[in-house]
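As the structure is a computational prediction, the values presented were derived from the model and not from experiment.
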Amino acid sequence: MHRFYAPPERFGDDQVIIDEGETRHLRDVLRLKGGAVVNVFDGTGREFECLVSTIGKRETKLSITAEVASMASESNLVLNVAAAITPGEKFDLAIQKSVELGVRRFIPIVTARTEVKLKDAEKRLERWRRIAFEAAKQCGRARLMDVEKIADFSDVFDDRNTKTIMFSERDGGSFDSIDANVELTVLYGPKGGWADEELQIARVKGAKIITLGGRILRAETAAIAITAILQHRFGDVN
């Protein structure tokens, strides 16, 4: 089934309109015609079966026939990832796999040992959002993962609606001490690990610091592997 996206405000009682970018994909890439059956999701978790009605130059109108279950259900674990920005395609991969693993929010962060300059990272923000969007379409999620604007390390602890877990190669407790009955924000560090002052800030802010025994993972490996473990232990990957 071909899938397209439209934000909630483009849905009516029995019709939905997709934008110019999605129209180009439908018309020029897939070469679909009027009467084709497709799915359209709204980015908040809802998905609908639709018939293509009118294909225009800048938008396409579709008739809604039924609400359907998305291919990939949302995890019962509300999981956010805050990851230190790493160079090039490694960070792109972490974002893509976070979508596939059911992460709700992804926060790129600048740390003491971040190798990428802030002005260079800011130029990549829209690219990361596009990667997240395409990954949601491909993996069957009806909810878009929000890629937030770049934050400083210390800003991550300001959200009081989530419990913060910081994975570190040193000075942490055991994985079994995690309580996942609340929304979790998981911090992954840069190449070279966390600075001493960052570990101290995390403790003062009430974050739980976790160390995976003797395992020392590359930054992009940690973002994928530990997220998968958390979804297996507390979410829907089982």
Side-chain angles (χ1 to χ4, degrees), residues 1-27 29-53 55 59-81 92-107 126-148 161-162 180-186 223-238:
M1 177 62 66
H2 297 300
R3 303 178 75 236
F4 299 90
Y5 164 73
E9 60 268 21
R10 283 186 164 249
F11 283 81
D13 292 336
D14 57 5
Q15 179 180 269
V16 59
I17 300 174
I18 60 174
D19 67 12
E20 185 175 358
E22 291 290 81
T23 292
R24 284 199 302 270
H25 185 63
L26 180 149
R27 182 191 61 223
V29 179
L30 299 177
R31 300 186 181 278
L32 299 180
K33 306 295 183 182
V37 180
V38 302
N39 279 11
V40 182
F41 67 99
D42 70 354
T44 70
R46 303 183 71 186
E47 186 157 341
F48 301 85
E49 181 184 84
C50 301
L51 291 176
V52 177
S53 299
I55 304 174
E59 63 182 29
T60 295
K61 297 179 180 178
L62 305 96
S63 299
I64 298 172
T65 57
E67 184 168 359
V68 297
S70 61
M71 295 167 56
S73 60
E74 290 299 311
S75 175
N76 57 299
L77 174 65
V78 180
L79 183 61
N80 311 312
V81 165
D92 297 351
L93 181 66
I95 291 172
Q96 181 188 67
K97 299 311 174 186
S98 292
V99 174
E100 295 175 15
L101 289 166
V103 171
R104 292 287 184 92
R105 294 189 296 133
F106 192 102
I107 310 158
E126 288 307 314
R127 169 183 171 82
W128 296 332
R129 288 172 174 162
R130 187 67 190 178
I131 289 170
F133 171 69
E134 294 295 343
K137 289 182 67 175
Q138 292 170 5
C139 76
R141 287 186 70 180
R143 179 184 291 275
L144 294 177
M145 183 185 78
D146 183 21
V147 179
E148 298 190 355
N161 297 315
T162 180
N181 293 322
V182 294
E183 180 175 339
L184 295 182
T185 296
V186 185
I224 298 168
I226 298 175
T227 300
I229 293 170
L230 288 168
Q231 286 287 25
H232 174 67
R233 292 285 294 270
F234 307 114
D236 63 348
V237 179
N238 48 48

Say you draw a straight line from [atom1] of [X] to [atom2] of [Y]; how long is it, rounded to the nearest 0.5 Å?
X	Y	atom1	atom2	result
E59	L26	CD	CG	12.5 Å
F11	D42	CZ	CG	5.0 Å
H25	R31	NE2	CZ	12.5 Å
M145	S98	CE	OG	5.5 Å
E148	F106	CD	CZ	11.0 Å
R129	L144	CZ	CG	12.0 Å

Could you report the tightest heavy-atom contact between [X] and [Y], atom names first, then the distance?
X	Y	answer
A6	V16	CB-CG2, 3.7 Å
V99	C139	CG1-SG, 4.1 Å
V40	C50	CG2-SG, 3.9 Å

Quiz item: Among side-chain atoms of N161 and E183, is any donor-acceptor pair under 3.5 angstrom?
Solution: no
Practice problem: Count the heavy atoms belonging to other residues, nucleotides or ligands that lie under 6.0 Å from CZ of R127, then report whether that count exceeds 12. | Solution: no
Self-check item: Partner of L62 by side-chain contact (heavy atoms from CB on, under 4.5 Å), out of I18, D14, N39, V37
Solution: I18
Exercise. Using side chain to side chain donor-acceptor pair (under 3.5 Å) as the criterion, point out the one residue from R3, K137, R27 that pairs with E22.
Key: K137
Quiz item: Ignoring hydrogens and geometry, is there a side-chain-to-backbone donor-acceptor pair from R143 to T44 under 3.5 Å?
Solution: yes
Quiz item: Got a salt bridge between E126 and R130, using NZ or NE/NH1/NH2 to carboxylate O under 4.0 Å?
Solution: no
